[in-house]
Amino acid sequence: MQVLQGIAVSPGIAIGEALVVDTEGFILPQHRIAHSEVDAELARLDLAMEAVADDIGRDRESVAEQLGDEYAAIFSAHQQMMCDPHLRTRLEALIRENLCPPEVAVAKTLRGYARKFQQMDNAYLAERAHDLRDLEQRLLDYLMARQRPSLSKLTDPAIILAHDLTPSQTAKLDRHKVLGFVTEAGGEGGHTAILAKGLEIPAVVGVGQMLVNVVCGSHLIVDGDQGTVIIKPDAATLSSYQEKCEQHRSRSLRLQQLRDLPCETRDGTRIQLLANIEFPQEVPTCIERGAGGIGLYRTEFLYLGSDTEPTEETHYQAYREVLQAMQQRPVVIRTLDLGADKMGYASLVADEHNPFLGLRSIRLSLRNLDLFRTQLRAILRASPFGSARIMFPLVTTLLELRQAKLLLRETMEDLQDEGHSIPTDIPIGMMVEVPAAVMMIDHFLREVDFVSIGTNDLTQYTLAVDRSNKEVADLYHACDPAVIKLIDMTLKAARAANIPANVCGQMSGTPHLALLLLGLGLRGFSVPPAAIPEIKRICRSVTLDQCETVAAHVLEMESAREVDNYLQEQLRQLAPQTNT
Amino acid sequence: MADQTATRLVTVRNEAGIHARPADLLVRLADKFESDIQILKNGETYDGKSILSIMTLAAGQNTQLVLQANGPDAENALDALAELFERGFDEMIVSQPTKDQSTEGSVDR
């Protein structure tokens, strides 16, 4: 048995077999081949190597034709690498002696060379590591062409293990077959973590190097509450976890009973409880849990799930489905928030040194007006089917907000000219997630119908911490006093301006932080569907006076740790768990 | 013809050293000979017919290497390879452009 500690990002317990996913989405076979298969596997390898050498030859010719021999030289070197006698000898040794499948032999050997190059002093040669990765991919493409398992077509339930999952990989996961996931990289608040939460799949990220110790089929326990991963658990551990699993189930059943009770504090103040969703399929869960509406509909999935840019029709169908299913409950559709860590089907952004400070979100939309207009048209066309609102993400300056609103107005007019009947009073809001927006909040509040505080980005921009960088992920605290002050400023200003404000970041779905937010005056929470019952339970356990006292205390505090400890303690006192 | 063993001391002349393209040329040339060809650097031996092996040499400009060949055409092989080194793998900047030449036809004059 081996226990690894990572960061708990999506609660719950998963018990099952491991499925190792390579960074490029390949699932490398981890079984050993039989002695009798060695010759056949070698033959398969040789075919793949020949095919790759041929492909490279073709690339070389076409490049030589278009750009000249000089540019084609690198392909000649690639070809030579494919025919390298040492490479072939090493691969054969791994297959014949270690009984590795050729896919594994290729990955191991070429990565070994790549590492060797990377470590060289010579920057040019270090760069050549990319060439080897490229060759590895080309070979794996051939070797796995037929049996490349797709994440969307898992046959048996499994726990997914990967170095990191790209958003598009996560998007393709079959949620019914994925028991849990574990990644070596990543941090709290990263996109993968948010998605895991949205899908309600237990997940632990940032466990560090792990894949070397695990093979496909290893028995695993993922503890999404504690952030631990247990490899090959012993019998005692396994049975204690099976018991925990059972407790989880019965607890969530109890919380279900809250569904039809109103979300209000003990002293009778109504609190709006909304859900954050990624895709239309989540709507039934939201309704089941008693969500008052959708406070954040992230639309990135439309871009991430496929290899082509989504059409207006694709957008329209998705929005219409959500709006209709939610009946007249509000649905806040956030426009494209792609960029940085969430690149989808096509690279609209060149390599950026600092993607989180780069061309993302509303900036990307305003630079790619056709893309933006397509989405706005779809939202507007779908809006008569329910109670739609539009929200712009990452707004930093007033100019950005005005540009976005202007485009929206133009789009509206275009649609009317085309004969569509669309409501012209669709509420427009913005995310408050950049410190600059908080500083200028009074001005913004004059030009929007509502605001929503995105605590994840607000935290990372305030604390200057890249939440997906595991070297600094431990410096990321949503409950840092600086972040809390910014939230406080925003809520106060919104109240004074009589503009509705809610919090849609992870913070509002975290029980002890919810307590603080209530005290700061928040009356609208938008949380992952799974968190709805618990947040409702907390609201129903406390009075506003109690929360305001807590908040006043917190505003005097100096460190995230202090805030965190105090709030945990207050939560235990004010809203104790009845069943643990 | 009996096997011969030959050795030759060569210097890497081209500026970029033995990177992918020179390594490619070297292997293509070495492959034309029957003899086994090794390259020695700091007591380590690298296979002259393996591009990956040669690239791990990481031989920069002015590195001195020992070429060694064993086989029926060892001498001929080393003659040819030494000449390739001497030509700087055809990457030698034939004449360093003088200031006059480099600004000639330049747009920012």
Side-chain angles (χ1 to χ4, degrees), chain A residues 49 52-53 56-57 59-60 63-64 67-94 105-106 108-136 138-139, chain B residues 11-42 44-65 68-71 77 80-81 84 87-94:
Chain A
M49 291 180 84
V52 171
I56 299 171
D59 287 350
R60 177 190 176 183
V63 169
L67 300 168
D69 280 336
E70 240 165 275
Y71 290 91
I74 193 64
F75 291 104
S76 165
H78 281 184
Q79 235 175 349
Q80 193 67 251
M81 288 179 202
M82 239 343 90
C83 310
D84 193 297
H86 284 220
L87 177 63
R88 181 63 175 71
T89 311
R90 284 189 194 201
L91 292 172
E92 179 163 349
L94 282 171
V106 162
K108 273 194 180 164
T109 309
L110 286 170
R111 271 176 222 187
Y113 278 117
R115 260 197 305 279
K116 220 184 253 178
F117 285 161
Q118 243 157 18
Q119 287 157 1
M120 287 182 184
D121 288 338
N122 181 321
Y124 180 84
L125 281 172
E127 276 291 304
R128 301 276 68 78
H130 291 302
D131 296 357
L132 291 162
R133 291 288 295 178
D134 188 34
L135 289 178
E136 180 194 334
R138 282 178 184 251
L139 274 173
Chain B
T11 306
V12 179
R13 298 207 176 277
N14 58 317
E15 197 177 347
I18 303 186
H19 57 89
R21 186 187 157 277
D24 180 33
L25 291 178
L26 208 159
V27 173
R28 282 177 198 275
L29 186 56
D31 273 342
K32 290 187 179 144
F33 299 93
E34 250 178 83
S35 301
D36 289 334
I37 291 162
Q38 282 97 34
I39 303 174
L40 281 66
K41 184 190 157 201
N42 299 337
E44 302 262 353
T45 309
Y46 300 83
D47 184 345
K49 292 185 175 180
S50 159
I51 187 170
L52 291 164
S53 178
I54 292 173
M55 284 172 72
T56 51
L57 251 177
Q61 192 178 24
N62 297 326
T63 310
Q64 292 213 321
L65 304 168
Q68 190 175 302
N70 295 295
L81 290 171
L84 183 63
R87 294 203 314 262
F89 299 94
D90 300 324
E91 277 186 352
M92 300 278 266
I93 297 167
V94 183

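All chains are named by letter (A, B, ...) in the order of the sequence lines, taking the proteins before the strands, and each is independently numbered beginning at 1. For the numbers below, each heavy atom of this structure counts, side chains included, while hydrogens, waters and symmetry mates do not. In this text the structure is predicted, and so the values were computed from the model without any measurement.
Using a 4.5 Å cut-off between heavy atoms, Leu25(B) makes no contact with chain A at all. Residue Ala23(B) does not touch chain A at all, counting heavy-atom pairs closer than 4.5 Å.
Most heavy-atom pairs under 4.5 Å with chain B: of the set Ala77(A), Cys83(A), Pro85(A), this distinction falls to Ala77(A). Among His86(A), Gln79(A), His78(A), Met81(A), the residue with the largest count of heavy-atom pairs under 4.5 Å with chain B is His86(A).
Residues Ile51(B) and Met82(A) form no side-chain contact, since every pair of their non-hydrogen atoms from C-beta on lies 4.5 Å or further apart. Leu132(A) places a side-chain heavy atom less than 4.5 Å from the side chain of Leu52(B).
Residue Glu34(B) qualifies as open at atom CD: its count of foreign heavy atoms under 6.0 Å is 12 or below.
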Determine whether Arg21(B) and Ser76(A) satisfy the following criterion, side chain to side chain donor-acceptor pair (under 3.5 Å), listing intermediate values before the conclusion. CA-CA 8 Å; Arg21(B) 186 187 157 277; Ser76(A) 165; over 6 Å; no
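Here the OG atom belonging to Ser53(B) is positioned 7.5 Å from the CG atom belonging to Asp84(A), to the nearest 0.5 angstrom.
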